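Owing to the predicted nature of the structure, the values given are computational and were not obtained by experimental measurement.
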Amino acid sequence: MPRRSARLLDSMTMNPAMALSIGIALLCFSTLLFFNGLFWFAVLPTLCGLAFTALGLKMRD
């Protein structure tokens, strides 16, 4: 029986390293926005960055 993450990896077309790097880049961008006083503009990149990072970590397992 294949592991759940193996099935997820087979159905995804994105490389896990690419998802991780996009997630980390979005988190860095949102941190920059946050420290420049653009709090509300930092929300969407933060959520997307967390999602991409979690997806990349899930695909790596």
By ring-ring contact (aromatic ring centres under 6.0 Å, His included), which residues pair with F35, not counting sequence neighbours?
-> none

Grouping ILVMFWY residues whenever side-chain heavy atoms fall under 4.5 Å, the cluster of L32 otherwise contains none

Ignoring hydrogens and angles, write down the donor-acceptor pairs under 3.5 Å from the side chains of residues 21-29, residues two or more places apart or on other chains.
from	atom 1	to	atom 2	distance (Å)
S21	OG	A17	O	3.0
S21	OG	M18	O	2.9

Nearest heavy-atom contact between M59 and A19 is CE-CB, 4.4 Å

Please tabulate, one pair per line, all N/O donor-acceptor pairs under 3.5 Å involving side-chain atoms of residues 40-55, not counting sequence neighbours.
from	atom 1	to	atom 2	distance (Å)
T46	OG1	S30	OG	3.1
T46	OG1	A42	O	2.6
T53	OG1	G49	O	2.7

